[in-house]
Engineer: 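Questions regarding the structure given below will be posed in turn.
Read the numbers this way: they start at 1 and go in the same order the structure lists the ligands and their atoms. Only heavy atoms go into these numbers, but all of them, side chains included; no hydrogens, no water, no symmetry mates.
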Amino acid sequence: MEKEKLISNFNQVKENIKAAAGRANRNYQDITLLAVSKNQSLDDIKILAEAGINFFGENRVQELEEKNEMLTAENITLDWHFIGHLQRNKVKYLMRMKNCKMIESIDSFRLAKEVNKRAKKNKREIPVLIEINIAGDENKFGITPEKAEDFLKKITNFDYLKVEGLMTVLPYLDDAEKLRSYFKDMKKLFDQLSKEVIPLKELSMGMSNDYQLAVEEGATIVRVGSAIFGEREY
Ligand SMILES: *Cc1c(COP(=O)(O)O)cnc(C)c1O
């Protein structure tokens, strides 16, 4: 994409976040905009990186590794969040990447255990979020809200995981009030777990079509792809 267009898209999303935060009496600086660059070109990532943008999200290990290698070769080091379904046999590659700064999508105990093991091997701690299947959608990964408390209690025992919060991916819906009610359910769960188990700080929710609603309802990380980069090409 043209440089001007890409940067103006990014700034527009920032403005929209600011406005949504204002409507909810929140400080917009408490909200991180993660640029989701999956299936987007390295050139576009570089344009944003040169403009000082540092937080990016990818959902496939191999694609992330390839992009990171090429960028590193050009002395560009970005902070990456892994946001997709993570297979256990790929965890070792991810944990080798020092600039993979968070795994947002812990969706099973076996995965948490493997991430802990590989983090230990690499002598690091890794911040993680628990993916919650808030809509109970059969096609989505994630822990059901009913099991979230037990799951959180279990994985806080892992020494090399820093459990920082919750993440969710909502089904694609046109119904804004339905989306809002799922975001409200997430915030309620987040507050409840923070009070009863351990203090949580990150609530990752909202994508291109619903991040403004998510900010109004308490998101601290929004993951935005196509509203910045344009439609993905597959
Ligand atoms: C692709 C993806 C996004 C971004 O989606 P857009 O609709 O392009 O903003 C956010 N979160 C996850 C987990 C994704 O896989």
Engineer: Quick one: look at Ile83 and ligand 1, take heavy-atom pairs under 4.0 Å, and tell me if it's side chain, backbone, both or neither.
Structural biologist: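 For Ile83, the contact with ligand 1 is made by both the backbone and the side chain.
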Engineer: Could Lys5 and Glu2 be called an ion pair, given the rule that one side-chain N must be under 4.0 Å from one carboxylate O?
Structural biologist: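 Not counted as a salt bridge, because no side-chain N and carboxylate O are separated by less than 4.0 Å.
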Engineer: Is it the side chain, the backbone, both or neither of Lys38 that has a heavy atom closer than 4.0 Å to ligand 1?
Structural biologist: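 Answer for Lys38: side chain.
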Engineer: With the 4.5 Å side-chain cut-off for hydrophobic clustering, are Phe141 and Leu129 part of the same group?
Structural biologist: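 No; tracing contacts between hydrophobic side chains, which count when under 4.5 Å, never links both residues.
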Engineer: Can you list the residues that meet the salt bridge (Lys or Arg N to Asp or Glu O under 4.0 Å) rule with Asp191, with sequence neighbours excluded?
Structural biologist: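 Applying salt bridge (Lys or Arg N to Asp or Glu O under 4.0 Å) to Asp191 gives Lys187.
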Engineer: Going by ring-ring contact (aromatic ring centres under 6.0 Å, His included), name the residues that satisfy it together with Phe109, two or more places apart in sequence or in a different chain.
Structural biologist: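 For Phe109 the ring-ring contact (aromatic ring centres under 6.0 Å, His included) partners, ignoring immediate neighbours, are Phe158.
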Engineer: List every atom of ligand 1 that sits less than 4.0 Å from any heavy atom of Val169, numbering the atoms from 1 in the order shown and giving each element.
Structural biologist: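 Under 4.0 Å from Val169, ligand 1 has these atoms: 13 (C).
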Engineer: Could you tell me, atom by atom, which parts of ligand 1 come under 4.0 Å of a heavy atom of Val224?
Structural biologist: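 What qualifies from ligand 1 is 9 (O).
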Engineer: Is Ser105 reaching over with its side chain to a backbone N or O of His85, donor-acceptor style, under 3.5 angstrom?
Structural biologist: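 Between the backbone of His85 and the side chain of Ser105 there is no qualifying donor-acceptor contact (under 3.5 Å).
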Engineer: Do ligand 1 and Met207 have nitrogen or oxygen atoms that lie under 3.5 Å from each other?
Structural biologist: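 No, since none of the N or O atoms of Met207 sits under 3.5 Å from an N or O of ligand 1.
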Engineer: Quick one: does Ser208 get an N or O within less than 3.5 Å of an N or O on ligand 1?
Structural biologist: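 N/O-N/O distance below 3.5 Å exists for this pair.
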Engineer: So which heavy atom in the protein is nearest atom 11 (N) of ligand 1, and how far is it from that ligand atom?
Structural biologist: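 Nearest neighbour among protein heavy atoms for atom 11 (N) of ligand 1, to 0.1 Å: Arg223 NE, 2.9 Å.
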Engineer: Taking 4.0 angstrom as the limit, do Lys67 and Glu63 come out as a salt bridge?
Structural biologist: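 Yes, Lys67 and Glu63 are salt-bridged.
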